[in-house]
Every structure is written in C-alpha cells, then in structure tokens.
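Worksheet for the structure shown next.
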Amino acid sequence: MCNKGGRVWSWPHAVPDLICARSLAPLGPTAARGIFVLFCIPTVLRKCAGVYVYISARACARCISLPVCACLSAGLPPPRAAEVNGPTPHQPPPPRPPGLTSPCTPSPCSTPEFRGTPERSGVAMACSQLSVQLMSWALGVGGVAYLFHQQRHHTQYGRYQAAGTALPARLAWFLQELPSFLVPVLLLLGAGGADTLPLPNALLLLMFCGHYFQRTFVFSLLSNGRPTPLVIVAYAFAFCSYNGFLQGHQLLHCVAYPPWWHRDPRFIAGVLLFALGMGINIHSDSILRGLRRPGDTHYSIPQGGLFELVSGANFLGEIVEWSGFALASWSLPAATFCIFTVCAIGPRAVHHHQFYLEKFKNYPKSRRALIPFLL
C-alpha cells in the first residue's frame, strides 16, 4: 500500500509495494511508467464504466442506480424503483431471473446486452466471456509493451528496413491483411449468415470487414512501396488472425445489441468518426502513392490533404477510424484494439516526422507528427 501526502492509495484493496515510488525508483523512469500504466488502466476503465452506469440509470426515471451492477452483470437492465422498495399490497412481487440477488426485469431503459441473448436477438450462444476478456486485455497490454519497444527501436520495414528475406509489397500487404477480413467472414458463415444478426451487429461487422476488404483487395494491389521483410509479414499475419477472430467472435457470438442501438448517439458519432477516418486514410495513401513511379524508392515531401498539418496523415486517419469503431461498438475488444492501434502506429508517425526533418532541410516547420497543432 502506498501512502502519499497522508492519503492511502489502493488497487483494488492494497497495491503491492512495487507500485510505491520508492520501490520503482531503481527500475528507471521507463519501467516505472510501464508498471503504472498496467495497474492504472483497469482502474480507469472501471471508473469510466461506473460513470456510464450512473448516467444510464439517471437517464430513465424508472431506473434507480443502487442495484445497477447486479442487473447489468446478468445482461438485464436495472430494476424499477417499485421492485426494490417492494410490491404494493395489491401487486405481487415480480419474478426474479435465476441466479440474481436483486430483482431485475426487462424495461425500456435497458443497455446493450454484452452477454448475448439468443432468445431475443437470434445470435448463437457460443461465447466464452472469460476468453474474450483475456484476449482483449492481452491485446491492450501488448500494445502498451509495443509502444515502449518503439521508443528504442524502429519496426524494420519500409524506410527502416534491414537486410533479409522480403516479399514484394503487394503480395506482403495482401497476405498480412487478409485474415482480418477472411476470419470474420468464415465466422459469419458458420453462425448461419447475416440473416440471424441484429442490425447493429451487422453494421459493426460491415464496418470492420469493409476496412479490411479495402486494405486487402484495393490498397495492396495499388501499393508501390518497398518489399516487406518476411518476418514482419508473419507477425502481421498472426496479429490480423488474432484480432480478426476476437472482433468477429465478439460481434457474432458474444454481444446482442438492442434493436435501437444504431440510433444511439454513441453509435451515430462512432460511425461518423469511422467514415471520416477511413476517408482520411484512403486519401492520404493516395497522396503517398502519387509521390512515386513504379519501381521508384526515393522519398519526397508529401503535399496536400492533412499532410499540410501532420507528417503521419495516413496514421491519423486510421486512429480516428478505429476510435470511431470503438465508440460505436462500446465494447472492450474494440477499445483495446483502438489502444493497440494508437500504440503501434502513433510512434511510427513520430519516426516518420523525424525522418523528414533530417532528410529535407526545407521541410515545413509548422507540421506536427500526428496531431495537428499539438504533437
């Protein structure tokens, strides 16, 4: 347990001595930040979830906030006030779902049922919530670890490529992006097709697969970049297979969105962000392709679009895109995928910015690396 300024900080009940600043000092600032991030992320997400539950409960006059957690943990909406205070003399008590310690009944103030209810949604009940959560946290923690790795080393492909066996750019991009499209499609066919999906699930799956259809069958065939090392292709193939299964399994087997979810402000804002980010990404890739002729490997200063503001406009577009997907999905797998994306390509944008500044003396000084006017 750490005591700072007379205040005791605990997670969730007592933090190991390793988290105390005195114990972290010998590890160095980088390791200290990494350990703090790993312990703080669950706490931050738990606090955010608590705020969301409170707002959801207050948004409907028929809901109360006290037993909300028990209801949501069982995939049911919060109870009505009458069900907590007890029935009236002429009103029999409502039936309780099996396994619950507090009364909960379906009501108009329900939230997305992240445990799936095939009787009401038609989604096949073949989900392991524990596996999904573990895979999601592994994705997020892996992203943070990759972020720290890139502070010391460049990922060796493209302009930072080392000698070794490499595949042509078009074949490499096709192979490494394909699993993110193919795995969800195979899961969809195994689940009985799109006819069994609620509309919000189908739209979210379409967004995810639509992005990777473009990356696999359009972007890869237009690519005119350098050959990609075989080991990088293998790593990317493994990641896309892992994430394609996680996102597809979540949308097809583990979450049953209510039929009104596509009208929710979070979904609408997320779709708009996704479309904006995808547009920025595609437009920026087109600008980069226009800087080279087939077979050319020299580098030029990109001009136009968001490249007037940042050096990594294509990376910014993809981050905005997956931030919108996470908002529209409102789920842990999508959120940790977004975190991984930021950790993976954010540092690469910074590296590209430093490369341009060192290579071109006339590179615009007003440009930032990733975030316009800020970073």
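Atom CG of Leu306 and atom OG of Ser284 lie 6.0 Å apart (nearest 0.5 Å). Note: Leu178 CG to Ser220 OG = 9.0 Å, rounded to the nearest 0.5 Å. For the atom pair CD1 of Ile345 and CG of Leu147, the computed distance is 12.0 Å after rounding to the nearest 0.5 Å. Rounding to the nearest 0.5 Å gives a distance of 10.5 Å between CG of Leu251 and CG of Leu203. For the atom pair CZ of Arg348 and OG of Ser311, the computed distance is 13.5 Å after rounding to the nearest 0.5 Å. Here the CZ-CD1 distance, from Arg289 to Ile287, works out to 10.5 Å after rounding to the nearest 0.5 Å.
Within the structure, no pair that satisfies the side chain to side chain donor-acceptor pair (under 3.5 Å) test touches residues 232-242, not counting sequence neighbours.
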- [ ] Please step through side chain to side chain contact (heavy atoms under 4.5 Å, CB included) for the pair Arg368 and Leu375, ending with a clear verdict.
- [x] CA-CA 5 Å; Arg368 296 295 183 259; Leu375 174 64; 5.6 Å; no
Open item on the list: The test is side chain to side chain contact (heavy atoms under 4.5 Å, CB included); show your working for Glu318 and His211 and say whether it passes.
Closed with: CA-CA 10 Å; Glu318 192 158 355; His211 168 88; 3.9 Å; yes
- [ ] In sequence, state the C-alpha distance, the side-chain angles, and the governing distance for Val255 and Ser331, and then conclude on side chain to side chain contact (heavy atoms under 4.5 Å, CB included).
- [x] CA-CA 9 Å; Val255 58; Ser331 67; over 6 Å; no
Task: Test side chain to side chain contact (heavy atoms under 4.5 Å, CB included) applied to Trp330 and Phe267, step by step - done: CA-CA 8 Å; Trp330 204 254; Phe267 184 90; over 6 Å; no
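Within a 6.0 Å radius of NE2 in His262, more than 12 heavy atoms belonging to other residues, nucleotides or ligands are found.
Taking the six-membered ring wherever Trp is involved, the centroid distance between the rings of Phe274 and Trp322 falls below 6.0 Å. In this structure, the ring of Tyr299 has its center less than 6.0 angstrom from the ring center of Phe355.
Ring geometry for His253 versus His249: interplanar angle over 60°, hence perpendicular rather than tilted (30 to 60°). Aromatic ring pairs are classed by plane angle as parallel below 30°, tilted from 30° to 60° and perpendicular above 60°; the pair His149 and Tyr146 is parallel.
No side-chain heavy atom of Leu167 sits under 4.5 Å from any side-chain heavy atom of Thr228. For the pair Phe148/Cys343, no side-chain contact is recorded, criterion being any heavy-atom separation below 4.5 Å from C-beta on. Between Leu246 and Ser136 there is a side-chain heavy-atom pair separated by less than 4.5 Å. Looking at Leu316 and Asn281, their side chains never come closer than 4.5 Å, going by heavy atoms from C-beta outward. Residues Gln214 and Met278 are in side-chain contact: their nearest non-hydrogen atoms beyond the backbone lie under 4.5 Å apart.
Residues Ile268 and Trp260 are members of separate hydrophobic clusters, defined by side-chain heavy-atom contacts under 4.5 angstrom among Ile, Leu, Val, Met, Phe, Trp and Tyr. Ile282 and Leu222 are not part of a single hydrophobic cluster, where members link through side-chain heavy atoms under 4.5 Å apart. Residues Leu134 and Phe239 do not share a hydrophobic cluster, defined by chaining ILVMFWY side chains whose heavy atoms lie under 4.5 Å apart. Taken together through direct or relayed side-chain contacts under 4.5 Å among Ile, Leu, Val, Met, Phe, Trp and Tyr, Leu230 and Phe237 form parts of separate hydrophobic clusters. The cluster map of Ile, Leu, Val, Met, Phe, Trp and Tyr, joined by side-chain heavy atoms under 4.5 Å apart, puts Ile319 and Leu272 in different clusters.
Thr216 contributes a side-chain N or O that, together with a main-chain N or O of Tyr212, makes up a donor-acceptor pair within less than 3.5 Å. Asn314 places no side-chain N or O within 3.5 Å of a backbone atom of Asp285 that could act as its donor or acceptor partner.
In this structure, Arg215 satisfies the cation-pi test against Phe219, with its NZ or CZ atom closer than 6.0 Å to the six-membered ring centre and inside 45 degrees of the ring normal. Cation-pi contact between Arg367 and Tyr363: present, with separation from the ring centre below 6.0 Å and deviation from the ring axis of at most 45°.
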When the side chains of residues 179-193 are checked against the rest of the protein, which donor-acceptor pairs come out under 3.5 Å, sequence neighbours left out?
unit_1	atom_1	unit_2	atom_2	d
Ser180	OG	Cys240	O	3.3

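Taking both residues in full, the closest heavy atoms of Arg226 and Ala169 are given as O-CB, 3.4 Å, listed atom of the first, atom of the second, then distance. Contact between Trp261 and Ala328 at its shortest, heavy atoms only, is NE1-O, 3.0 Å. Residues Leu204 and Ser329 approach most closely at CD2-OG, 3.6 Å, considering heavy atoms. Minimum interatomic distance between Cys254 and Val132 (heavy atoms only, all atoms of both residues): SG-CG2, 3.7 Å. For Ala369 against Val310, the heavy-atom pair with the smallest separation is O-CB, 3.8 Å. Residues Ala349 and Leu370 come closest through the heavy atom pair CB-CD1, 3.9 Å.
Asn243 and Gln247 share a donor-acceptor pair across their side chains, judged by distance under 3.5 Å alone.
When His353, His352, His351 are each tested for a ring pair (Phe, Tyr, Trp, His ring centres under 6.0 Å) with Phe315, only one passes: His352.
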